[in-house]
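Data first, discussion second: the structure below is written as structure tokens.
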Amino acid sequence: MVCLPGLEAFIDANKDLIDVIEIEPQPQWFKSAAAGVPYAINTDVLAQLRADPHPRLVHGVGFPIGGSVPPQPEQVALFVDVVKALDAAWASEHLSFSRASGPDGVFNTGFLLPPLQSAQTVALAAANIRTLSARLPVPFAFETGVNYLQPVPGEMADGAFFGAIAEEADCAILLDLHNLWCNERNGRQSVLAALDDMPLERVCEVHLAGGDYLDGYYLDAHSGLVPADLMQLAHAVLPRLPNLKALMFEIVPAYLPAREIAHRHLTAQLHELHRLWDERKTTLQVAAAAPRGVIHHAAAVDGALPSPPQWERALAGKVLGIAADEPCTLPLDGDEGIRVLRQLVAAVRSGTIVDSMTLSYRLISLTLGETAFLALLQAFWKTRPPEPFATEEALNFAEFLRTQALHIPHLDEVLAFELATHQVRMYGQPKTVRFTCSPLPLLMALRTARMPDFTDRGEFALTIGP
């Protein structure tokens with residue numbers, strides 16, 4: 001099972017049913033103020049994960065290997081340290097990109113975006129994998145990605161693209177069957193056709209999950225149990241994977257109450273995955289041979305396609321509403337997947353703000369209304385690209401709010417309090433915030449989503465400790 005915050009109690013209660021956990025370390029990272037340590041990880045969380053008795057895998061979500069902008073060396077170093085600290089059997093990352101280079105420098109996309117499936121990208125991704133693998137003490141696998149765009153004329157088919165990268169980089173594959181199922185349902189290559197184009201002997205891990213719909217698209221939302229049709233497909237696919245070592249179930253804990261998914265439903269899902277695994281052991285087949293000559297076939301039409309940096313600038317620009325510094329002849333404007341990606345980026349950015357500045361969000365919404373808050377978010381997004389760290393996104397949003405002359409009582413003080421809590425985590429030192437009203441009644445009212453009573457006036461100071 002993928003181990004996300006909120007699933008700890010379930011995983012602890014099902015030690016005998018769960019054989020291995022997969023950890024995504026980047027959500028526990030933060031920018032550090034310590035000298036020579038620009039990035040750090042929550043040491044308490046890391047200690048808890050190390051104490052877990054399950055075997056562990058590490059799955060990156062911070063610097064995908066499908067883009068032309070290299071990750072910061074300090075982040076790679078921390079990733080390697082976490083892999084070592086958790087004694088992971090192998091490590092993996094996404095075959096996507098999350099940063100692009102524009103006229104004003106490198107910017108973040110706010111979401112994992114699909115690379116152009118060309119021979120140039122094959123060479124680029126393979127080089128990225130070799131560079132990262134050289135730093136890792138364990139084998140590396142890339143995850144087969146989800147892609148909400150329609151196939152671009154002249155680009156490689158999904159399976160051929162994945163297979164060519166695995167062969168060129170000589171690495172393992174994390175086969176996310178739910179991703180490929182999303183791709184098929186949204187008009188891309190079928191799952192079985194993609195598998196026929198892949199060296200299945202390289203698959204070491206499989207992901208299964210549930211999804212959701214948005215404007216007619218099926219999303220890799222990790223929002224529910226594995227659909228029956230996908231589970232049936234998995235029964236046919238897993239016997240074709242002779243070197244499969246792990247079968248992972250992914251679900252985002254926030255969806256459990258919303259979808260009325262109880263722990264007993266998760267337990268039943270894991271029992272079903274055990275039956276799938278046991279059946280595979282008795283029906284194992286010889287993997288289909290990987291095709292040869294795919295890269296040469298793609299190169300014949302590759303000259304008509306943009307380079308990876310050009311594609312990244314064009315796609316990120318369309319998704320974020322940033323004017324491209326050079327024209328892109330590909331038909332991105334007519335692809336409805338762009339609209340879906342825009343909504344997903346907006347959901348991630350708004351969720352980051354609400355989660356990291358909950359009290360400020362509530363004060364604005366209680367005073368001006370939810371629609372006004374959403375309008376502020378949309379105006380803010382036009383001024384700044386996304387930030388990968390919640391603290392940086394919160395700081396930028398706070399600076400934006402201070403330019404808006406909102407005239408909301410005590411908003412500046414609540415903003416200062418929430419930013420201070422982030423800074424205390426970063427610096428590990430106490431920080432004092434000043435208020436012109438009694439701070440605890442104000443903050444406690446917002447914690448319960450109530451409009452505060454602003455009648456209590458005075459000079460107050462609140463100190464936040466590490």
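Numbers here simply count residues along the sequence, with the first being 1. Atoms considered below: every heavy atom in the structure, side chains included; atoms not considered: hydrogens, waters and symmetry mates.
Heavy atoms from other residues, nucleotides or ligands lying under 6.0 Å from CD of Gln232 number 12 at most. In Arg402, the CZ atom is crowded: over 12 heavy atoms of neighbouring residues, nucleotides or ligands sit closer than 6.0 Å.
Partners of Tyr218 according to the ring-ring contact (aromatic ring centres under 6.0 Å, His included) rule, which considers only residues two or more places apart in sequence or in another chain, are His178, Trp181, Tyr213. Partners of His207 according to the ring-ring contact (aromatic ring centres under 6.0 Å, His included) rule, which considers only residues two or more places apart in sequence or in another chain, are His59.
Put simply, the side chain of Gln269 never gets that close to the backbone of Leu225: no donor and acceptor are under 3.5 Å apart. Here the side chain of Thr121 pairs a donor or acceptor atom with the backbone of Leu116 at under 3.5 angstrom. Within the 3.5 Å criterion, the main-chain N or O of Leu419 finds no donor-acceptor partner in the side chain of His422. Within the 3.5 Å criterion, the main-chain N or O of Val340 finds no donor-acceptor partner in the side chain of Tyr217. In this structure, Ser438 contributes its side chain and Pro441 its backbone to no donor-acceptor pair below 3.5 Å. Counting only distance, with no hydrogens or angles, the side chain of Arg56 and the backbone of Ile21 share no donor-acceptor pair below 3.5 Å. Although no hydrogens or angles enter the test, the distance criterion places a donor-acceptor pair under 3.5 Å between the side chain of His274 and the main chain of Leu17. Checking side-chain atoms of Glu155 against main-chain N and O of Gln117 turns up a donor-acceptor pair under 3.5 Å. Here the side chain of Arg342 pairs a donor or acceptor atom with the backbone of Lys318 at under 3.5 angstrom. With hydrogens and angles ignored, the 3.5 Å screen pairs a side-chain donor or acceptor of Ser223 with a backbone N or O of Gly211.
Under the 3.5 Å distance criterion, with hydrogens and angles disregarded, no donor-acceptor pair is assigned to the side chains of Gln150 and Asn186. Using a 3.5 Å distance cut-off with no hydrogens or angles, the side chains of Ser98 and Thr109 do not pair a donor with an acceptor. Asp220 and His222 share a side-chain donor-acceptor pair at under 3.5 Å. Side-chain polar atoms of Arg99 and Asn108 form no donor-acceptor pair below 3.5 angstrom. A side-chain N or O of Glu205 and one of Trp90 form a donor-acceptor pair less than 3.5 Å apart. At a cut-off of 3.5 Å, with distance as the only test, a side-chain donor of Gln72 or Tyr39 sits close to an acceptor on the other residue. For the 3.5 Å distance criterion, the side chains of Ser360 and Glu418 qualify, holding a donor opposite an acceptor. A donor-acceptor pair shorter than 3.5 Å cannot be found between the side chains of Ser101 and Glu312. At a cut-off of 3.5 Å, with distance as the only test, no side-chain donor of Gln189 or Asn183 sits close to an acceptor on the other residue.
Between Asp19 and Lys245 no salt bridge is recorded (no basic side-chain N to carboxylate O distance below 4.0 Å).
When all heavy atoms of Val146 and Pro114 are compared, the pair lying nearest together is O-CB, 4.4 Å. Listed here is the closest heavy atom pair of Ile18 and His54: O-CD2, 2.9 Å. Of all the heavy atoms in Trp277 and Ala246, the pair that sits closest is CH2-N, 4.0 Å. When all heavy atoms are compared, the tightest approach of Leu49 to Cys3 is CD2-SG, 4.2 Å. Asp355 and Thr358 get closest at one heavy-atom pair: O-OG1, 3.4 Å. Nearest heavy-atom pair, Ala141 versus Leu174, reported as atom, atom and distance to 0.1 Å: CB-N, 3.9 Å.
Asn396 CG to Glu392 CD: the interatomic distance, rounded to the nearest 0.5 Å, is 6.5 Å. Expressed to the nearest 0.5 Å, how far CZ of Phe63 lies from CD of Glu93 amounts to 6.0 Å. The distance from the CG atom of Leu177 to the CE atom of Met248 is 14.0 Å, given to the nearest 0.5 Å. Distance check, rounded to the nearest 0.5 Å: CG of Leu415 to CG of Leu359 gives 10.0 Å. Distance check, rounded to the nearest 0.5 Å: CG of Leu305 to CH2 of Trp311 gives 9.0 Å. Distance CG/Leu344 to CZ/Arg339: 11.0 Å, rounded to 0.5 Å.
Between Glu22 and the options Leu57, Leu4, Val58, a side chain to side chain contact (heavy atoms under 4.5 Å, CB included) holds for only Leu57.
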Practice prompt. Show your working on side-chain contact (heavy atoms from CB on, under 4.5 Å) between Thr144 and Leu95 and close with a plain yes or no.
Written response: CA-CA 6 Å; Thr144 55; Leu95 180 60; over 6 Å; no
Worksheet item: Given the rule in the side-chain contact (heavy atoms from CB on, under 4.5 Å) test, do Phe162 and Leu180 qualify, once you have shown the distances and angles that lead to the verdict?
Response: CA-CA 11 Å; Phe162 300 143; Leu180 298 193; 3.6 Å; yes
Item to complete: Take Lys15 and Asp12 through the salt bridge (charged side-chain N to carboxylate O under 4.0 Å, His left out) test and state the conclusion after the steps.
Response: CA-CA 6 Å; Lys15 287 189 176 71; Asp12 187 61; 2.2 Å; yes
Item to complete: Step by step, work out the side-chain contact (heavy atoms from CB on, under 4.5 Å) result for Glu336 and Leu149.
Response: CA-CA 7 Å; Glu336 288 297 310; Leu149 304 177; over 6 Å; no
Worksheet entry | Derivation and outcome, side-chain contact (heavy atoms from CB on, under 4.5 Å), residues Asn147 and Arg188 | CA-CA 8 Å; Asn147 192 339; Arg188 297 186 66 87; 3.4 Å; yes
Worksheet item: Yes or no on salt bridge (charged side-chain N to carboxylate O under 4.0 Å, His left out) for Glu370 and Arg362, after CA distance, side-chain angles and deciding distance?
Response: CA-CA 9 Å; Glu370 187 81 9; Arg362 287 176 177 166; over 6 Å; no
Worksheet entry | Thr436 and Glu459: CA distance, side-chain angles, deciding distance, side-chain hydrogen bond (donor to acceptor under 3.5 Å, both in side chains) verdict | CA-CA 5 Å; Thr436 56; Glu459 297 294 330; over 6 Å; no
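Between Asp215 and Gln343, the closest side-chain pair of non-hydrogen atoms falls below 4.5 Å. Annotation: side chain of Phe142 is not in contact with side chain of His94 (no heavy-atom distance under 4.5 Å).
Using bins of under 30°, 30° to 60° and over 60° for the plane-to-plane angle, the ring pair Phe10/His263 lands in the perpendicular bin.
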